[in-house]
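Here's the structure we're looking at; comments come further down.
Chain letters run A, B, ... following the sequence lines, proteins first, then strands; residues in each count from 1.
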Amino acid sequence: MSQWNIESPTTEYYDHNSPGLEAIVREVTATPEVAIDTETTGLVVWKDVPLYWSLAWGNRRMTLNVSVLHYFSEAFADPNKRWIFANAKYDAHILANVGVRIAGKLVDTQVQHALLYEEQSHRLKDMNQHLFGWKWQDFQDTFGKITKLFSPTDLIRRAEAENFALLCEYAANDAWGTLQIYEELRTQLQRAPTHSLFRDHPLNIQTLWDLFDRVEVPYTSALWTTERNGVKVDLGYLESIAPTAVAEIEDLERAICKEAGTVMNPKSTKQLREYFFDKLQVKPLKMSKGGKTGVRNPSVDERFLAHYEDEIPMAKMLLRHRSLAKLHGTYITGLRDRVDPHGRIHTRFNQDVARTGRLSSSDPNMQNIPKPENDKWKLRGAFVAEDGYDLSVVDYEQLEMRLLAAASGEQGMIDVINKGWDIHMGNASMIFGMPYEEIKAAKNTPEDQLTARQHECLAARAAAKNIGFGLIYGMGPKKLAGTLNITEAAANAKISQFKEAYPAVEAFTKEAVAETEQTGYAFTILGRRRNVPEIASHRRDERMRGERIAVNTQIQGSAADVVKMAQILLHKSGIDKRFGARPLLQVHDELMHEIPKDYSAQADVEIREWMEHPFPIDLVVPLGVSGNLGNSWLEAK
DNA sequence: TTAGCGGGCGCG
DNA sequence: AAAGCGCGCCCGCTAA
């Protein structure tokens, strides 16, 4: 039965009784690249297990019973073998859950696809449709919808009993299709030349295939280990704040209904609009985006509420309610429900989502845990080191600004960094001609003792900081004026001063836009590229957005490259074997590790070392890092 | 019941 | 005229 692909070979099936099993084991052991997939009990990486698995190589495809997995231990233990997956980390977790550790390379077709077609879906069946132009029935099309009543296990068990051939065919096809996609994308990646700073250096990245094979493939393994470790949670801490939070939120809800004079749900923007704009006839500050339907409504967001908090009691109450409800819903119950039996949370680090090459984190998202300054319950304190371990938390300091300095070659900014100055203070000093020491003194003076001149110094630093970020993000003068609470004319004047002080930065942004206009792409340091079709749009607003993306992707994407290389080098360094150090989290410019106390000081120094030197050659500016050891995320930062 | 959208907001 | 980049999750609401 070949209902999916008329050119595919016949599907084989093996269990422990199959006479050909030994020959298959020998062949898999000897084959350098093998595609592999699992059919599993579910999607939870620390819990679910395989029910069937499948392999494909050359002109063979087969489904296998889980009972024969251990016959392949030699193949799984081979560090040089390349295992081809669609969603590699997931399958590697599922296999690890039944004791199968993969020593070989985790080669992920979804990551391949993301390097070439970042705007498309990288799901296996969608990649097939996109690359080969035919629709392939997915799991739910084949076996039925996964619902509360029917788990993946139920559906597979049903197919097992009713149509085993279909089950075998489906499973084998996942591995087979993955292999076809791998080979097609390998060719495409090899034919895609790219611009990398490391073209003629040891990394020697000349094509997107080089980038994939030398950077993204080892990165998948580093991330797998990170996900597998998971971060330890102090459940008692979460449990202890939950009831207080609920009580506080309920009190507020009662008070809000009383103030409204009727039963209302403060989480309903619809009801809030009725209250503010129909009942009270308040003037809206702005309209919402509208989205696909194009229906724009007056906004009741935080800025609106803050604007009216002194005049309208309800606004103030809602502000408190919003922040408490967010913390409770997303971070207290949301995290509590995802803790594994060992008290650890295993996020997923998605390597194929962000268009700039950054990671994203999901299930749960560990990259948006509130900062202590915005969090009355200090939830970061709930992420702790295991007994006998320390947490090491190391951040890059102003990584994107440093990369802007390096990419532009702006000597003024490079000097500021080389002097070890605070970048925003240094920039303020350069741009507005104020002595650095004076700004520094102002920053260290208590709020209530500031002189008028010192206020000016602090305003200068804030301006320099926002113009700097604004440059990276493409912020306009209007937005800057709003952020700094100054007039648009004043904002324009400050932007001009910045450009005069740092002409090479201005030239860099122009050059970035010109390159993207010419090639259609924005490139990062390592040669990752992002298609920017907006830059050729006939619509001015789209084109402007394309220009912002052209500049931002170079900086944000290169920052992602830096952290990515640091993670890869750390993974390869043997710091785990020498010191027992475990990677736990990456939060864009920050790495968290868990290290046995006896070695934590030593390992922490080595982590900083790798982070500061992520490339075969150093950049023209140092990459400064800072951080601490501690018992929790709160302590170690 | 489920799926998708919009609004809002947490992080870098 | 207006113009901030990159993510993921919660909730309410509506349609199927």
Side-chain angles (χ1 to χ4, degrees), chain A residues 118 140 145-149 264-273 286-305 318-319 321-335 337-338 347-350 353-375 379-380 395-396 398-400 466-467 469-483 488 522 530 532 534 539-557 559-560 563 585-590:
Chain A
E118 69 279 1
Q140 299 198 44
K145 288 273 174 224
I146 298 167
T147 63
K148 281 198 172 137
L149 285 175
M264 72 176 289
N265 182 352
K267 290 177 192 140
S268 163
T269 49
K270 192 171 171 236
Q271 291 178 37
L272 293 186
R273 280 198 298 269
K286 67 168 184 187
M287 302 299 276
S288 65
K289 281 266 176 216
K292 285 187 177 173
T293 56
V295 181
R296 293 160 59 89
N297 286 308
S299 177
V300 284
D301 64 5
E302 194 179 337
R303 272 200 50 200
F304 169 84
L305 296 176
L318 285 168
L319 277 172
H321 183 273
R322 281 262 171 90
S323 114
L324 295 185
K326 173 100 182 175
L327 286 169
H328 178 254
T330 305
Y331 301 108
I332 299 180
T333 62
L335 292 172
D337 296 345
R338 291 182 180 277
T347 184
R348 297 174 55 186
F349 285 112
N350 309 301
V353 172
R355 311 265 236 260
T356 53
R358 268 191 174 187
L359 293 179
S360 83
S361 160
S362 61
D363 308 301
N365 183 351
M366 286 300 298
Q367 292 179 323
N368 71 346
I369 305 298
K371 295 184 289 192
E373 52 267 44
N374 302 334
D375 171 10
L379 285 166
R380 289 193 178 194
D395 273 66
Y396 284 98
Q398 305 303 337
L399 179 55
E400 293 188 345
N466 280 291
I467 297 168
F469 281 128
L471 244 139
I472 294 168
Y473 298 147
M475 189 193 283
K478 209 178 174 89
K479 178 79 181 176
L480 181 68
T483 307
E488 203 176 326
R530 173 181 181 177
V532 190
E534 294 92 338
R539 278 175 48 186
R540 187 181 148 80
D541 57 347
E542 279 287 296
R543 222 164 44 243
M544 292 291 123
R545 182 175 147 74
E547 293 183 7
R548 293 194 294 273
I549 291 171
V551 175
N552 179 258
T553 298
Q554 274 205 48
I555 301 299
Q556 188 184 120
V563 186
L585 291 179
Q586 187 253 43
V587 190
H588 307 302
D589 63 355
E590 167 178 336

Testing B:dG10, C:dA3, C:dC5 for proximity to the side chain of A:Q556, the answer is C:dC5
Regarding the side chain of A:R540, the nearest nucleotide among C:dC9, C:dC13, C:dA2 is C:dA2
Minimum heavy-atom distance A:N350-A:S362, with the two atoms named: ND2-OG, 3.0 Å
If you take atom types as modelled and just measure distance, does the side chain of A:R322 reach the base of B:dG8 with a donor-acceptor pair under 3.5 Å? no
Mind checking if A:I369 touches a base, just sugar-phosphate, or nothing, with heavy atoms under 4.0 Å? sugar-phosphate
Counting side-chain heavy atoms from CB outward, which of B:dG8, B:dG7, C:dG6 is closest to A:S288? B:dG7
Counting only distance, no hydrogens or angles, is the base of C:dG8 paired donor-acceptor with the side chain of A:N365 under 3.5 Å? no
Using a heavy-atom cut-off of under 4.0 Å over every strand shown, decide if A:R530 touches base, sugar-phosphate, or nothing. sugar-phosphate
Within this structure, what is the CD1-to-P distance between A:I146 and B:dT1, rounded to whole angstrom? 19 Å
Tell me what A:R296 touches on the nucleic acid: a base, only sugar-phosphate, or nothing, going by heavy atoms under 4.0 Å. nothing
I need the CD-C1' distance between A:Q367 and C:dG6, as an integer number of Å. 10 Å
For A:V295, which contact category applies under a 4.0 Å heavy-atom criterion: base, sugar-phosphate, or nothing? sugar-phosphate
Nearest-Å distance for atom pair CD/C1', residues A:Q554 and C:dC5: 14 Å
May I have the distance from A:H328 (atom NE2) to B:dG10 (atom C1'), rounded to whole angstrom? 16 Å
With a 4.0 Å cut-off, would you call A:D301 and A:R303 a salt bridge? no
Starting at CG of A:N552 and ending at C1' of C:dG6, how long is that distance when rounded to a whole Å? 7 Å
Could you check whether A:S288 and A:N297, counting side-chain N and O atoms only, form a donor-acceptor pair closer than 3.5 Å? no
Atom-to-atom span, CG of A:D363 to P of C:dG8 - whole angstrom: 10 Å
Have a look at A:K371 and say if it touches a base, only the backbone sugar-phosphate, or nothing, with a 4.0 Å heavy-atom cut-off. sugar-phosphate
Judged by nearest nucleotide, the residue sitting upstream toward the 5' end of DNA chain C, A:I549 or A:M544, is A:M544
Of the listed B:dG7, C:dG6, C:dC11, the closest approach to the A:T269 side chain comes from B:dG7
